[in-house]
Amino acid sequence: MGRRTEVGPEVDPALFQQNLMEWYRVHARKLPWRGAVDPYCIWLSEIMLQQTRVASVIEHYHEFLLKFPTLLALALAPEQDVLAAWSGLGYYRRARMLHKAAQFITEELGGVLPTNSVALRTLPGIGEYTSAAIASIAFGESVAVVDGNVERVLLRLTGRSEDRTAAGRAFLRSTAQELVPGAIDAGSATKPGVGRKTKQIAVGRPKRNPPGDHNQAMMELGATICLPRAPLCLHCPVRSLCMTKGEHSTFPRAKLRSREVAFLLSVRKRGVATEVLLAQRPAEASLMAGMYELPPLPLDAEADEMASREPLLRIRHAITNTNYYARIYAPMGPSDKALRRAVPIAKADLHWIRTATLLQLPLTGLCRKVLQRLDVMPVRPLRAPIAEEKHVAGFHSQSSKGSPVIDEDEDHDSF
DNA sequence: AAGTCGTGGAA
DNA sequence: TTTCCAAGACT
């Protein structure tokens, strides 16, 4: 069992670790969750980072923590508020499972996040990767993470070809595990930091955390040096140990499909408030259940009605392996009711939403993108009411072609 | 055990 | 323009 047969005789784990960590100490990016002590923050960052780019996570991480500063605060919040804070990040099931897990921890585990990978693995939304990430980064457990970055690094390092079978995954897991340094005995550690009483602190975690740092260094290497297409081998700290020097072949992906879709953008004034008509997706929908979007316009029977119009906006929106080519149509004036009649009332759960409250609603990414691009809703939360007035004024005065028509005299009972 | 689930940025 | 794919989990 002590043999290093998995990584081959030429890879010395100690040498690999040392080269990697020297590089990491110098080149690690400064990220908001790096150095976090609160396991809740580390948990949140790992969930957000699942299949999601660092830049996108940074845009949401801070706001989410302002809104839900502690595990308890998250557990007590309504799911709609959690989804609203997640809006734009995608994979909304992650937010639902995070919320569920927080409630379970609060009700059944005394509000304390489990401190080892096996126990973490049982929580909703925490799989093999995430359990290892939290356990190593927050609690110093010597367990290897295998994400897309690590997988690519290890395949190139060892020369193995991509293999998505159980055997392939087992190889990656065991190889990664051989390279992880051992945990530091908590008993001999420097004293743990003291934090607020409402927050769980990683008690027993030493200041130095070799497993957690190593895991992050492996991912950092994959994200910044061992790139998918053109790896920067000249800058790689472990190139002398690498079997392939960057060669890497992968399986072909499923090709993208295309779909045409259309949405209605209807805006009206109610006193000083501006409102926009949105539809709430059914709770049982498999895609973005319960979230709000612009009312969909059926493309079949009403095709002629739209054919004579020019869409206010054309936008491409990809979901998984489908490219949605979306057209946004707006009424041409207060008397233009044809578009609204095209919305199937029976199927759509329609609501007039004040634009000032849009940021508190769980909007689909496409809806949020359209409303922000057309300046119907702010890009970021506005603190001062004065700034909000200004923004609305800006929307009214905007006269460019992208400006939606405001219906000044909308009938209350249209829907 | 393949399919499904979002989004945006880079090439 | 199209293609790729990112700190995966669940069914």
Side-chain angles (χ1 to χ4, degrees), chain A residues 28-29 31-34 36 42-61 83 86-98 100-101 120-138 144-153 162 164-169 172 176 212 214-224 226-230 248 250-258 281 285-289 291 293 314-326 362-370 372-373:
Chain A
R29 291 168 294 177
L31 301 176
W33 45 90
R34 289 255 166 93
I42 295 170
W43 174 30
L44 174 66
S45 73
E46 289 301 336
I47 299 298
M48 282 189 169
L49 285 162
Q50 290 170 3
Q51 294 288 287
T52 306
R53 295 186 181 279
V54 165
S56 300
V57 172
I58 290 176
E59 290 177 16
H60 288 80
Y61 178 73
L83 287 172
W86 205 269
S87 172
L89 264 181
Y91 288 127
Y92 298 98
R93 187 173 52 178
R94 291 182 298 174
R96 292 191 170 94
M97 291 187 297
L98 177 72
K100 283 277 186 293
L120 286 163
R121 181 73 176 76
T122 67
L123 294 171
I126 298 184
E128 192 163 337
Y129 162 79
T130 306
S131 63
I134 298 172
S136 63
I137 297 171
V145 300
V146 180
D147 74 327
N149 289 309
V150 175
E151 178 176 338
R152 187 172 58 254
V153 167
E162 186 177 36
R164 296 205 166 280
T165 66
R169 285 194 299 276
L172 290 170
H214 170 90
N215 278 335
Q216 294 189 75
M218 287 289 284
M219 296 187 280
E220 190 81 357
L221 185 68
T224 64
C226 198
L227 303 170
R229 298 195 183 127
H248 183 45
T250 57
F251 293 144
R253 310 285 165 179
K255 67 176 177 183
L256 290 177
R257 305 192 314 190
S258 294
R281 299 176 58 83
S286 70
L287 194 68
M288 298 173 282
M291 301 189 68
E293 62 182 354
R314 294 173 181 273
I315 198 167
R316 184 182 72 89
H317 190 73
I319 294 181
T320 315
N321 67 338
T322 303
N323 266 334
Y324 290 90
Y325 291 93
L363 307 177
T364 70
L366 176 56
C367 178
R368 159 185 282 244
K369 188 160 63 175
V370 168
Q372 287 181 340
R373 187 165 305 187

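On a predicted model such as this, the values are computed, not experimentally measured, just so you know. Each chain gets a letter, A, B and so on, in the order the sequences are listed, and its residues count up from 1.
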>> Categorize A:Leu89 for me: base, sugar-phosphate, or nothing, with a 4.0 angstrom heavy-atom threshold over every strand shown.
In response: base
>> Between C1' on B:dG6 and CD on A:Gln50, what's the gap in Å once rounded to a whole number?
In response: 13 Å
> Which is true for A:Tyr61 with a 4.0 Å heavy-atom rule: it touches a base, it touches only sugar-phosphate, or it touches nothing?
Replying inline: nothing
> Checking A:His60 side chain against A:Ser87 main chain: does a donor-acceptor pair fall under 3.5 Å?
Replying inline: yes
> Do A:Arg94 and B:dC5 share a donor-acceptor pair, side chain to base, under 3.5 Å?
Replying inline: no
> Between B:dT7, C:dT3, C:dA6, which nucleotide has the shortest distance from any of its atoms to the side chain of A:Thr364?
Replying inline: B:dT7
>> Assuming nearest nucleotide by heavy-atom distance, tell me which of A:Gly90 and A:Arg169 is located more 5' along DNA chain B.
In response: A:Arg169
>> Let me spell it out: for each of A:Trp33 and A:Leu123, pick the nucleotide of DNA chain C with the closest heavy atom. Which residue's pick is nearer the 5' end?
In response: A:Trp33
>> Please classify the nucleic acid contact of A:Ala55 as base, sugar-phosphate, or nothing, using heavy-atom distances under 4.0 Å.
In response: nothing
>> Say we look at C:dA7 and B:dA2: how far apart would their P atoms be, to the nearest angstrom?
In response: 24 Å
> How far, in whole Å, is B:dG6 from C:dT3 if one measures between their P atoms?
Replying inline: 22 Å
> Just how far, in rounded Å, is P of C:dC4 from CZ of A:Arg316?
Replying inline: 12 Å
> What are the two closest heavy atoms between A:Thr364 and A:Tyr92, and how far apart are they?
Replying inline: C-OH, 4.3 Å
> Can you check salt bridge (charged side-chain N to carboxylate O under 4.0 Å, His left out) on A:Glu128 and A:Arg121, steps first, answer last?
Replying inline: CA-CA 7 Å; A:Glu128 192 163 337; A:Arg121 181 73 176 76; 5.2 Å; no
> Are A:Ile319 and A:Tyr324 close enough that some pair of their side-chain heavy atoms sits under 4.5 Å apart?
Replying inline: yes
>> Output the rounded distance in Å from CZ (A:Arg96) to C1' (C:dC10).
In response: 14 Å
>> Between P on C:dT2 and NE2 on A:His317, what's the gap in Å once rounded to a whole number?
In response: 17 Å
>> Tell me whether the side-chain N/O atoms of A:Ser286 come closer than 4.0 Å to OP1 or OP2 in B:dC5.
In response: yes
>> Among C:dC10, C:dA7, C:dT3, which nucleotide has an atom closest to any side-chain atom of A:Met97?
In response: C:dC10
> Of A:Arg164 and A:Gly365, whose nearest nucleotide on DNA chain B comes first from the 5' end?
Replying inline: A:Arg164
> Would you say A:Lys369 reaches B:dT7's phosphate, i.e. side-chain N/O to OP1/OP2 under 4.0 Å?
Replying inline: no
>> Can you say whether a donor on the side chain of A:Thr52 sits under 3.5 Å from an acceptor on the base of B:dG6, or the other way round?
In response: yes
> Separation of A:Glu128 atom CD from C:dG8 atom P, in whole Å?
Replying inline: 13 Å
>> Using a heavy-atom cut-off of 4.0 Å across all strands, would you classify A:Ser45 as base, sugar-phosphate, or nothing?
In response: nothing
> What's the closest nucleotide to the A:Arg93 side chain, out of B:dT7, C:dA7, B:dC5?
Replying inline: B:dC5
>> With hydrogens left out and only the distance checked, is there a donor-acceptor pair under 3.5 Å joining A:Arg229's side chain and the base of B:dA11?
In response: no
> What integer distance in Å separates A:Glu59:CD from B:dG8:C1'?
Replying inline: 9 Å
>> Checking side-chain polar atoms at under 3.5 Å, does A:Ser258 have a donor or acceptor matched by the opposite partner on A:Asn323?
In response: no
>> Need to verify one output field. Residue with the more 5' nearest nucleotide on DNA chain C, A:Arg121 or A:Val54?
In response: A:Val54
> Is the shortest side-chain N/O distance from A:Arg368 to OP1 or OP2 of B:dG6 below 4.0 Å?
Replying inline: no
>> With a cut-off of less than 4.0 Å, is there a side-chain N or O of A:Tyr324 near OP1 or OP2 of B:dT7?
In response: no
>> Using a 4.0 Å heavy-atom cut-off, does A:Ile134 contact any base of the nucleic acid, only the sugar-phosphate backbone, or nothing at all?
In response: nothing
>> Looking at every non-hydrogen atom in both residues, tell me the closest pair between A:Leu120 and A:Ser131 and how far apart they are.
In response: CD1-O, 3.8 Å
>> Between C1' on C:dA7 and CG on A:Leu31, what's the gap in Å once rounded to a whole number?
In response: 10 Å
> Rounded to the nearest Å, what distance is computed from the CG atom of residue A:Leu98 to the P atom of nucleotide C:dA7?
Replying inline: 20 Å
>> A side-chain contact here means heavy atoms from C-beta on lying under 4.5 Å apart; do A:Glu220 and A:Arg34 qualify?
In response: yes
>> Just to be sure I understand the geometry, which residues of residues 214-222 of chain A put a non-hydrogen atom under 4.0 Å away from DNA chain B?
In response: none
> Would one find more than 12 heavy atoms of other residues, nucleotides or ligands at under 6.0 Å from atom CZ of A:Arg257?
Replying inline: no
Show me the donor-acceptor pairs within less than 3.5 Å that the side chains of residues 45-59 of chain A make with the rest of the protein, sequence neighbours left out.
| residue | atom | partner | partner atom | Å |
| --- | --- | --- | --- | --- |
| A:Ser45 | OG | A:Ile42 | O | 2.8 |
| A:Glu46 | OE1 | A:Tyr129 | OH | 2.6 |
| A:Gln50 | NE2 | A:Gly125 | O | 3.3 |
| A:Gln50 | NE2 | A:Thr130 | OG1 | 2.9 |
| A:Thr52 | OG1 | A:Met48 | O | 3.3 |
| A:Thr52 | OG1 | A:Gln50 | O | 2.8 |
| A:Thr52 | OG1 | A:Arg94 | NH1 | 3.0 |
| A:Thr52 | OG1 | A:Arg94 | NH2 | 3.4 |

